[in-house]
Amino acid sequence: MALYEASATQLLSQLESGELTSVEVTQACLDRIREHDGSVGAFLKVMDEKALAKAAEVDRKRKAGEELGVLAGVPVAVKDLLCTEGEVTTCASKMLENFVPPYSSTVIKKLEAADAVIIGKTNMDEFAMGGSTENSALGKTRNPWNTDLVPGGSSGGAAACLAAQMVPLSIGTDTGGSIRQPASFCGVVGLKPTYGRVSRFGLIAFTSSLDQIGPMARTAEDTALFLEAISGHDPQDSTSAAVACPLFSKSVDQPLEGLRIGLVKEHFGEGLDGEVEKAVREAVAVYEKLGAKVVDISLPHNKYGIATYYIIAPSEASSNLARFDGAHYGHRCDEATMLEELQKEAEALEAANDKEGLRKMDTPLIRMYRQSRAEGFGPEVKRRIMLGTYTLSAGYYDAFYLKALKVRRLIREDYDKAFKAVDLIVGPTAPNPAFAAGSKTNDPLAMYLEDLYTVTANLAGIPAMSIPCGMTSGGLPVGLHMQAPALEEDRLLRAAYMFQKETDWHAKTPSL
Amino acid sequence: MSSLTREEVEKVSLLARLRLSEEELSTMTEQMSQIVSYVELLEEVNTDDVEPMAHAVEQHNIFAEDAVHQSLPREAALANAPKRDDECFRVPAVLGD
């Protein structure tokens, strides 16, 4: 087996036994990236030197018998929206193209404490807004299964580097499905933890009440270990859950007895691709064979998930992204050109004796903000800032924002009711397999509907996971979506492992 | 279908501190109208007596201890400034010239 094929768990046991060094593993990943990232485009930045230095340091510590963290010597890729001290952190935006954070996010610190080797920063939709990674201002990521297709988004780079076997572990973030949908499109495992399970300190925020950082990997065991390494209460994030973090990796191989699986009737309706449905139903049959009981359930407010999300997410985004003003950090327009243009506008209005126009003119400071933001943000980000500003503005706040917050509670209550009858809710992760690049870029609403099955978990704050569960006739991966009650990640991981023992979908890899 | 006017979108673009080109204004008006009519789907849900839910986890105030601690050093805070002097962020004149 080539080194790049190994899972993190396999690598760790070989590192511990001394069969391998972290430098060898890291170099194998770097070689793989060099060879294939030209066609995949998963990385915005590869940190060769730093990674090799860290690997050598871990090898030295291991040899000296010093204490090591749980991911000691294992390469990890990080989505480029986690502030990393001293390393450019871009959010795939021109706005932050040259931004060097003065501190590191908690997750980066935890990875460092776990002695993981951070190998690079992955591409994403700008500010994590999108479902295809086509909104990145800094480059295209392609699906390793077929480079004419998108990898999904917004964690497209994070999923693609796993599928292309460039790294065994990869950090993603999920606001409405951004870990799970690309995991499904790329045939890898992705877990969105319970809201608050992983600290968001140092994450460049998009929708604070929905964003969650989570692990992406190729197996259930790796996902369990990885989640363990990044979870935990953080006093620097006031929304972080003050609960103990279970040792997920110790329980992952224990099957769930008497498992009750809920199938949501609203998940199998209009818009679901036939081959996706077939793969999901076959996966459910695997669980039945293992003794699980299937229960039909209803989540009546499920169909309002997208509408609720596309009010709440832009509203919070418009507020969070107000900090990008061209004054404190990030892109700023050319001031001389801006002032010259403003002057010309004023002269033209004066010549036309347009008093109203003159009164409404931007002041230099306001124009600096507007021009800097116009140049720094891409179309999807502008669209969401505009929508959020609209739905929060006087006269619309009650009708849109407040209404959405109320429906959000109804969505949560549906789950509370459902989890009285079942242990897990299982269904498709995305309504379709990976789609062609460019096919939905001019239709924002069609792109938004990609999150149909995933957004409600974010709205309710519950953990959810996508695992590979089949393949279309065209050879594209299909993801199985599993949702559990808050703080029950353990249940998701054990169920994923049970499935993985019976099938080999997780072991399929694209030919590059 | 509810639709937004170009004037409304222009007004929102000022509130949002974004400068949109003529072409962007047209596209934005069309796309925002489409999305807003989609989200109006929520009108059919009865939400009488439903408490709004702003957060996934019910939040309560978390008070920080009233103690002096080290803040980000000025140099680090200013390091990414597009324009600065030794101690301040510099911006175009706010009052007068």
Side-chain angles (χ1 to χ4, degrees), chain A residues 98-100 102-103 195-196 209-210 238-239 241 301 304 306-308 310-311 318 322 325-332 335 339 363-371 373-374 377 382-383 385-387 389-390 393 400 402-410 412 444-445 448 458-461 486, chain B residues 4 8-9 11-21 24 27-29 31-32 34-59 61-64 72-73 75-84 89-95 97:
Chain A
N98 302 307
F99 174 65
V100 183
Y103 60 86
Y195 183 82
S209 83
L210 305 174
S238 64
T239 60
H301 296 92
Y304 303 111
I306 297 283
T308 305
Y310 278 96
I311 292 172
S318 72
D325 56 5
H328 302 94
Y329 43 76
H331 175 79
R332 175 141 164 196
E335 214 169 303
L339 289 171
T363 63
L365 182 66
I366 298 281
R367 177 58 66 89
M368 187 277 280
Y369 293 151
R370 295 184 78 184
Q371 187 67 28
R373 287 161 64 80
F377 292 136
K382 286 181 191 170
R383 196 147 48 227
I385 291 174
M386 290 288 291
L387 268 172
T389 306
Y390 176 72
S393 63
F400 290 110
L402 211 58
K403 180 81 183 182
L405 292 187
K406 290 179 178 180
V407 180
R408 181 176 184 179
R409 183 171 301 278
L410 296 175
R412 168 64 181 255
L445 203 50
Y448 296 172
N458 300 76
L459 291 165
Chain B
L4 280 80
E8 282 177 299
V9 174
K11 191 182 150 210
V12 174
S13 81
L14 172 61
L15 294 173
R17 297 290 184 263
L18 281 171
R19 192 167 179 232
L20 301 181
S21 66
E24 280 178 309
T27 322
M28 197 68 87
T29 306
Q31 291 177 338
M32 281 175 74
Q34 196 197 2
I35 297 164
V36 167
S37 7
Y38 175 76
V39 303
E40 277 171 352
L41 176 70
L42 297 191
E43 279 173 14
E44 68 185 51
V45 188
N46 181 351
T47 52
D48 297 348
D49 308 319
V50 178
E51 276 288 301
M53 174 177 158
H55 241 261
V57 180
E58 298 301 334
Q59 291 294 310
N61 271 337
I62 294 175
F63 295 102
L72 199 62
E75 190 44 48
L78 285 167
N80 282 287
K83 205 170 172 190
R84 56 175 282 197
F89 296 99
R90 303 212 46 174
V91 294
V94 178
L95 297 169
D97 284 323

Q: Test B:Val36 against A:Leu387 for side chain to side chain contact (heavy atoms under 4.5 Å, CB included), laying out the working first.
A: CA-CA 8 Å; B:Val36 167; A:Leu387 268 172; 4.1 Å; yes

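- Contact record, B:Phe89 with A:His328: CE2-O, 3.3 Å, taken as the closest heavy-atom pair.
- Interface summary for chain A: among B:Thr47, B:Val91, B:Leu41, the most heavy-atom pairs under 4.5 angstrom belong to B:Thr47.
- With chain A as partner, the option from B:Ile35, B:Leu78, B:Leu20, B:Leu72 having the largest number of non-hydrogen pairs under 4.5 angstrom is B:Ile35.
- Between the CZ atom in A:Arg332 and the CZ atom in B:Arg90 there is a gap of 9.5 Å [rounded to 0.5 Å].
- Using a 4.5 Å cut-off between heavy atoms, A:Ala404 touches chain B through backbone and side chain atoms alike.
- Both the backbone and the side chain of A:Ala327 come within contact range of chain B, each with at least one heavy atom under 4.5 Å from a heavy atom of that chain.
- In this structure, the portions of B:Leu15 lying under 4.5 Å from any heavy atom of chain A include both its backbone and its side chain.
- Most heavy-atom pairs under 4.5 Å with chain A, from the set B:Ala54, B:Ala77, B:Ala56: that is B:Ala56.
- Scanning all heavy atoms of the two residues, the minimum distance from A:Gly326 to B:Pro82 falls at O-CG, 3.4 Å.
- Within the 4.5 Å cutoff, no side-chain heavy atoms of B:Arg17 are placed close to those of A:Asp325.
- Although no hydrogens or angles enter the test, the distance criterion places a donor-acceptor pair under 3.5 Å between the side chain of A:Arg373 and the main chain of B:Ala16.
- In this structure, chain B has heavy atoms under 4.5 Å from both the backbone and the side chain of A:Arg383.
- B:Met53 and A:Arg408 get closest at one heavy-atom pair: O-CD, 3.3 Å.
- When each of A:Gly461, A:Pro444, A:Ala486, A:Ser318 is scored by its heavy-atom pairs under 4.5 Å with chain B, the top score falls to A:Pro444.
- Annotation: side chain of A:Ile366 is in contact with side chain of B:Leu14 (closest heavy-atom distance under 4.5 Å).
- Taking CZ of A:Phe400 as the reference point, atom CG of B:Leu42 lies at 9.0 Å (rounded to 0.5 Å).
- Among A:Tyr329, A:Tyr369, A:Phe377, A:Tyr304, the residue with the largest count of heavy-atom pairs under 4.5 Å with chain B is A:Tyr304.
- The two residues B:Val9 and A:Met386 come nearest to each other via the heavy atoms O-CE, 3.4 Å.
- In this structure, no portion of A:Leu210 lies under 4.5 Å from any heavy atom of chain B.
- Residue contact with chain A, scored on non-hydrogen atoms closer than 4.5 Å, is absent for B:Ala79.
- One finds the CG atom of A:Leu410 at 8.5 Å from the CG atom of B:Asn46 (value rounded to the nearest 0.5 Å).
- Within the 4.5 angstrom heavy-atom criterion, atoms from both the backbone and the side chain of B:Glu51 approach chain A.
- In this structure the side chain of B:Ser13 reaches within 4.5 angstrom of the side chain of A:Arg370, judged on heavy atoms.
- Summarising the geometry, atom CD belonging to B:Glu24 is positioned 4.0 Å from atom NZ belonging to A:Lys382; distances are rounded to the nearest 0.5 Å.
- Residues B:Ile62 and A:Ser238 share a closest heavy-atom pair of CD1-O, 2.9 Å.
- Between the side chains of A:Tyr390 and B:Glu8, no donor-acceptor pair is found at a separation under 3.5 Å.
- Contact count versus chain B (heavy atoms, under 4.5 Å) is highest, among A:Asn458, A:Leu339, A:Val407, A:Leu402, for A:Val407.
- Proximity to chain B (any heavy atom under 4.5 Å) is restricted, for A:Asn98, to the backbone atoms N, CA, C and O.
- No side-chain donor-acceptor contact under 3.5 Å links A:Lys406 to the backbone of B:Val45.
- Side chain of B:Arg19 to main chain of A:Arg367: no donor-acceptor pair is present (N/O by atom type, distance under 3.5 Å, no hydrogens or angles).
- Side-chain N or O atoms of B:Asn80 include one that pairs as donor or acceptor with a backbone N or O of A:Val100 at under 3.5 Å.
- Proximity to chain A is absent for every atom of B:Arg84, based on heavy atoms less than 4.5 angstrom apart.
- Most heavy-atom pairs under 4.5 Å with chain B: of the set A:His301, A:Glu335, A:Met368, this distinction falls to A:Glu335.
- By number of non-hydrogen pairs under 4.5 angstrom with chain B, the leading residue of A:Lys403, A:Gln371, A:His331 is A:Lys403.
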